[in-house]
Participant: 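Below: one structure in structure tokens.
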There are 2 protein chains.
Amino acid sequence: MTTVRGELTRTRILDAALALFRERGYDNTTMRAIAERAQVALGNAYYYFESKDHLIQAFYGRTHDEHLAVCQPLLAETGSLRERLLMVMRAKLDTIEPYHQFAGALFKTAADPASPLNPFSDASRPVREEAIALFRTVVDGATTKIPADLRAELPQLLWTYHMGIILYWIHDRSTGRAKSYRLVEQTVMLIDRLVALAGLPLMGSIRASVLEMIAESQQ
Amino acid sequence: MTTVRGELTRTRILDAALALFRERGYDNTTMRAIAERAQVALGNAYYYFESKDHLIQAFYGRTHDEHLAVCQPLLAETGSLRERLLMVMRAKLDTIEPYHQFAGALFKTAADPASPLNPFSDASRPVREEAIALFRTVVDGATTKIPADLRAELPQLLWTYHMGIILYWIHDRSTGRAKSYRLVEQTVMLIDRLVALAGLPLMGSIRASVLEMIAESQQ
DNA sequence: GTCTATAACCGGATAGAC
DNA sequence: GTCTATCCGGTTATAGAC
């Protein structure tokens, strides 16, 4: 698995799979077709990827890395929470757009709590932590004033928010996913306002009780 | 399908399926095993249910009817929004509890936008409308004062909220699903407070802009 | 130990006879 | 409305090449 040739074969299989998924969707792509396009035997594809579902996990990794690469230079500068979050969320939608048509199948396997692909599972903790770290960068580099207790929880909360947006996006049938972009704009503005509101002098006790509820419900 | 005998066979297949799902989970139950327990041929099971997934849709219908039957007498009386919503949500969790172990598989098919089983799809509109109607009863019978514009949207919003709770419940590994019940209690209280807050004199414009955002994002 | 290939197995789904 | 026979594709076992 560490050989150069092996790495190439692995890449070839993943490329073939993603291309076919985009061309004809997840369900209509057979493992036999993937193997054929990658010019390997069927059994060989299973040497590199435990199952058809695991190709999805690899896809996850790819788009996350791509998203990260786009965001990092932009996040190096500072800005308001609203600006930074908006930028990251738009970049996310841009990154995953080419895969919208098979995103349903993707989410299908991801939704199963028994699946290691489910974003809340222990198995996907590393990927999740990485994604949460991105939101921590968003928060930490923001010029907006944020109460310390909220600031600590915010990255995790924003990650959950971002999963919600993706759920909406999956079901979004509007051209160019215009509705998703619009929803991001509006919800980011709302979040920005809520964070500002939470910082007001009288909000301390309400904020504490809401944060406690969130902490308690964390699984 | 309308014959008495046919109806009996159909019921027998569904009963066998649900029993097996509970005993050994969705994935570990084969259509062959279902057919065998129901004492019909494999092909015959497909005469009544288009696919294995469609057995889940039937399950949906059953638990919804059961939930409705529990709620209706209780909702005949009036009460605060908080009391009524809490009651309906608790009853929901009670109703679906026996199926928790295969709820993952359930959600798996439901999450696919291409599937007619997905709760947001056109195909499941009738079931969804029925469920939303239940929340309309909750709202309409409540003694709590609610602004008219919010009141109109609230049933739909509460249905979406209830889907979110189910998503949480699916991933809930605490004994007796204690965390889910606790989350329901806390979020219902929060909703009650927000609705009260939205009714205050100065909140009109904020409420309108939030409601507009929600209306616009509806798919 | 790293990689490739072939031949099954298993279960969801379908065709078509009765 | 019910059955049998069959297809199809994800997955696995296993033999062996480098």
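Just so it is clear: chains get the letters A, B, ... in the order the sequence lines come, proteins before strands, and each one is counted from 1.
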Participant: With a cut-off of 6.0 Å (strictly less than), are more than 12 heavy atoms of other residues, nucleotides or ligands near CD of A:Glu36?
Facilitator: no
Participant: Rounding to an integer number of Å, can you tell me how far A:Arg10 CZ sits from C:dT2 P?
Facilitator: 14 Å
Participant: I'd like to know if B:Arg32 reaches the base of C:dG12 with its side chain such that a donor and an acceptor end up less than 3.5 angstrom apart.
Facilitator: yes
Participant: Distance to the ring centre below 6.0 angstrom and angle to the axis at most 45 degrees; does that hold for B:Arg22 and B:Tyr99?
Facilitator: yes
Participant: Under 4.0 Å from OP1 or OP2 of D:dC18: is there any side-chain N or O of A:Arg5 that close?
Facilitator: no
Participant: Can you check whether B:Asn44 has a side-chain N or O nearer than 4.0 Å to OP1 or OP2 of D:dG1?
Facilitator: no
Participant: Quick check for you: among D:dT4, D:dT2, D:dT12, whose closest atom lies nearest to any side-chain atom of A:Tyr46?
Facilitator: D:dT12
Participant: Whole angstrom is fine here: how far is it from CD in B:Glu50 over to P in C:dA13?
Facilitator: 10 Å
Participant: Can you see if the side chain of A:Thr9 gets near the phosphate of C:dT4 - specifically, an N or O under 4.0 Å from OP1 or OP2?
Facilitator: yes
Participant: In whole angstrom, what separates B:Asp53's CG from C:dG11's C1'?
Facilitator: 14 Å
Participant: According to a strict under-4.0 Å criterion, is A:Thr30 in side-chain N/O contact with OP1 or OP2 of D:dC8?
Facilitator: no
Participant: Round to the nearest Å and state the distance from A:Leu42 atom CG to D:dC8 atom P.
Facilitator: 16 Å
Participant: How long is the line joining CZ of A:Phe49 and P of D:dG9, in whole Å?
Facilitator: 21 Å
Participant: Does A:Phe49 have A:Arg10 sitting over its ring (NZ/CZ under 6.0 Å from centre, angle to axis within 45°)?
Facilitator: yes
Participant: Whole angstroms only, please: what is the CG-P distance between B:Leu8 and D:dT2?
Facilitator: 10 Å
Participant: By nearest atom, which of the nucleotides C:dA5, D:dC3, D:dT2 is closest to the A:Ala41 side chain?
Facilitator: C:dA5
Participant: Taking NZ, NE, NH1 and NH2 as the nitrogens, is one of them in B:Arg62 or B:Asp15 under 4.0 Å from a carboxylate oxygen of the other?
Facilitator: yes
Participant: Figure out the CD/P separation between A:Glu36 and C:dA5, and round it to whole Å.
Facilitator: 13 Å
Participant: Can you check whether B:Tyr47 has a side-chain N or O nearer than 4.0 Å to OP1 or OP2 of D:dT2?
Facilitator: no
Participant: Quick check against the 3.5 Å criterion: does A:Arg84 have a side-chain atom that pairs as donor or acceptor with the backbone of A:Glu77?
Facilitator: yes
Participant: Whole angstroms only, please: what is the OH-P distance between A:Tyr26 and D:dG10?
Facilitator: 8 Å
